[in-house]
Each structure stands twice: as C-alpha cells, then as structure tokens.
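Inspection log for the structure reproduced underneath, given as structure tokens.
Small disclaimer: the values here were computed from a predicted structure and weren't measured. When reading the values below, keep in mind they use all heavy atoms of this one structure, side chains included, and skip hydrogens, waters and symmetry mates.
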Amino acid sequence: ERRQPASMTKMLTELLVLERVASGDIALDDTVTVSARASRMGGSQVYLKHRERFSVEDLLRALAIHSANDAAVALAEYTAGSVEAFIDLMNLETRDLGMRDSEFHSVHGLPPGRGQSPDLTTAYDMAVLARALLQYPRALEWSAIKTAPFRDGEFTLYNPNKLIGRYRGLDGLKTGYHGQAGYCVTATAVQQDQ
C-alpha cells in the first residue's frame, strides 16, 4: 500500500548526500552556509539561522539523529544547488534502486502544502532504501545515538526513535510522524550477530 512516509523521507536525503561524499563530489568537512529558505523550515528542526555555517557532517548528524527539517533543506541546497534539483535526484535514485512505488516531492517528508503532491512510498520500498543506506556505516552509527550536542553544545539533538535503548540489538534507522502519515518507522537491529 502506498503511504506517506513522513520523516522517513530523510533516509533518501541522507543516502544521496552520503553517496556524493563517497564519490568525492563533496566532503564531510565542507562548510554549508544556511539559506533563508532553510532557516524558515518548521516542524522538527535545529533552528538554523540564515547565513549560519556548519559542516556537512554536522548537518547530517542533525538530520539523522534529530530528524531536522532545516538541515535537510540546507544539505539539499548544498548538494544539488536547489531543493527542486535535489528532489529530481531523489526520484532518479528511487528508479535506480528499483523503488517502483515511490515518488518524492520534498526532502524532509513534511505534509504537502497547498498545490503540492505528497511523498508516497511502500513498506517494501522503505526496506530497499534502508538496505542501500546501510552501505554507509556512519548512517547506522548516527541513527543509534540517543542524544548528542549540536552548535558547540548550545543545543541537544534528541533522537525521536523511542526504540533505541529499549529493544535489544536495535541500531536504527528512522522514524516519522505527521497527521496524514501517522506513526512510521523503518527499524534495523542486530540479532545473534546478524
């Protein structure tokens, strides 16, 4: 069944950025200057300010741990030049991965605004996406963190995945929620060393 994935959309955002890092197009220590658009994002955020500067890695951590919508926009703009160009890359990636029942119209998974189409996917396609993201060990490392400092300790990242620390072997991966999507989770765990 095709459903809205809410913030699980950010798994695809994270995957594309990590792929660009792996290919050498960008680096984890590159500096990203926050745009006005990114600074205005609502929902889960780390309250990025216009013209504030962060490394790609800092923003990836905010995205993966705290599910920060503003970090998703800043990373998309830095990686592809614009959010719209990044969304095009997202949909190309879904085709490459064989995610036949997915379409994305945002980099963060917030509910669609007036005139916008919703992000849509299936449980199967989310499993395919998770498997692709797990090729990057940092993604799993970040998704297993319960809390972490941000902005030199002025802000604390809180992982919304309530299963962390409560389910033996659980190490990720992404949750999501909004009214139209309901509660969503793509979970990963190690059981008996597998």
Side-chain angles (χ1 to χ4, degrees), residues 1-28 30-46 48 50 54-64 67-136 138-139 142-143 173-174 176 178 180-181 184 186:
E1 183 181 349
R2 297 179 88 209
R3 302 286 306 259
Q4 293 186 52
S7 283
M8 292 190 309
T9 297
K10 295 184 183 92
M11 289 193 301
L12 185 52
T13 302
E14 184 179 1
L15 174 64
L16 284 170
V17 175
L18 288 171
E19 285 178 347
R20 295 312 182 276
V21 169
S23 69
D25 292 338
I26 63 176
L28 289 174
D30 283 358
T31 300
V32 177
T33 301
V34 177
S35 70
R37 181 177 183 176
S39 72
R40 290 192 303 265
M41 289 309 306
S44 177
Q45 58 184 300
V46 287
L48 299 178
H50 186 211
F54 293 95
S55 70
V56 168
E57 183 171 6
D58 284 342
L59 293 174
L60 277 168
R61 287 169 55 83
L63 177 86
S67 196
N69 297 318
D70 46 2
V73 171
L75 285 165
E77 290 174 332
Y78 183 74
T79 303
S82 72
V83 168
E84 292 72 23
F86 194 89
I87 291 169
D88 288 342
L89 294 176
M90 292 171 75
N91 287 299
L92 287 171
E93 184 79 6
T94 62
R95 283 189 219 109
D96 289 346
L97 292 172
M99 296 167 60
R100 291 183 185 90
D101 295 310
S102 295
E103 62 181 88
F104 292 92
H105 303 278
S106 80
V107 299
H108 41 60
L110 284 169
R114 183 179 297 154
Q116 291 179 316
S117 298
D119 302 313
L120 292 170
T121 191
T122 63
Y124 177 84
D125 281 2
M126 285 290 97
V128 169
L129 176 57
R131 184 177 294 151
L133 186 55
L134 291 178
Q135 294 176 42
Y136 299 91
R138 288 239 171 140
W142 294 327
S143 70
L173 190 58
K174 191 73 193 78
H178 64 67
Q180 296 168 31
C184 310
T186 299

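- Of all non-hydrogen atoms in His178 and Pro111, the two that sit nearest each other are CG-CG, 3.5 Å.
- Look at Glu84 and Arg37 and you find a salt bridge, because one of the NZ, NE, NH1 or NH2 atoms lies within 4.0 Å of a carboxylate O, short of that distance.
- Expressed to the nearest 0.5 Å, how far CG of Leu15 lies from CG of Leu89 amounts to 11.5 Å.
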- request: Go through the steps for Leu129 and Thr186 under the test side chain to side chain contact (heavy atoms under 4.5 Å, CB included), then give the verdict.
  value: CA-CA 10 Å; Leu129 176 57; Thr186 299; over 6 Å; no
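- No side-chain heavy atom of Val21 sits less than 4.5 Å from a side-chain heavy atom of Asp30.
- In this structure the side chain of Leu16 never reaches within 4.5 angstrom of the side chain of Thr79, judged on heavy atoms.
- When side chains are defined from C-beta on, Phe54 does not count as touching Arg61, because their heavy atoms never get closer than 4.5 Å.
- Contact check for Val34 versus Leu59: no side-chain heavy atoms found under the 4.5 Å cut-off.
- Considering all non-hydrogen atoms of both residues, Ala38 and Ser35 come closest at N-OG, 3.0 Å.
- The CZ atom of Arg95 sits 11.0 Å away from atom OG of Ser102, with the distance rounded to the nearest 0.5 Å.
- The closest side-chain heavy-atom distance from Thr9 to Met90 is below 4.5 Å.
- Using a 4.5 Å cut-off on side-chain heavy atoms (C-beta onward), Pro112 and Pro118 make contact.
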task: Could you go through the side chain to side chain contact (heavy atoms under 4.5 Å, CB included) check for Ile26 and Val17 one step at a time?
output: CA-CA 8 Å; Ile26 63 176; Val17 175; 3.9 Å; yes
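- We find the SG-CE distance between Cys184 and Met126 to be 9.5 Å, quoted to the nearest 0.5 Å.
- Within the model, atoms CG of Leu18 and CE of Met11 stand 13.0 Å from one another, a figure rounded to the nearest 0.5 Å.
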task: Dump the intermediate steps for side chain to side chain contact (heavy atoms under 4.5 Å, CB included) on Val56 and Arg20, then the final yes or no.
output: CA-CA 11 Å; Val56 168; Arg20 295 312 182 276; over 6 Å; no
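- The two atoms that bring Gly98 and Asp125 nearest to each other are O-OD1, 4.3 Å, heavy atoms only.
- Between Leu134 and Arg131, the closest side-chain pair of non-hydrogen atoms is not below 4.5 Å.
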- request: Under the side chain to side chain contact (heavy atoms under 4.5 Å, CB included) rule, what do Met41 and Leu110 come out as? Steps first, then yes or no, please.
  value: CA-CA 10 Å; Met41 289 309 306; Leu110 284 169; 3.6 Å; yes
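- What you find for His50 and Ala36 is that their closest heavy atoms are CD2-N, 3.1 Å.
- For Lys174 and Glu14, the salt-bridge test fails: no basic side-chain N is under 4.0 Å from an acidic carboxylate O.
- Under the side chain to side chain contact (heavy atoms under 4.5 Å, CB included) rule, Glu103 has a single partner from Ile87, Thr121, Leu120, Asp119, which is Leu120.
- When all heavy atoms of Lys10 and Ser7 are compared, the pair lying nearest together is NZ-OG, 2.7 Å.
- Here the CZ-OG distance, from Phe104 to Ser117, works out to 13.5 Å after rounding to the nearest 0.5 Å.
- In this structure, the side chains of Ser44 and His108 stay at 4.5 Å or more apart for every pair of heavy atoms.
- With rounding to the nearest 0.5 Å, the separation of CZ in Arg138 from CG in Leu60 is 9.5 Å.
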task: Test side chain to side chain donor-acceptor pair (under 3.5 Å) on Thr122 and Asp101 and set out the steps.
output: CA-CA 6 Å; Thr122 63; Asp101 295 310; 4.6 Å; no
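- Ala71 and Leu63 get closest at one heavy-atom pair: CB-N, 4.2 Å.
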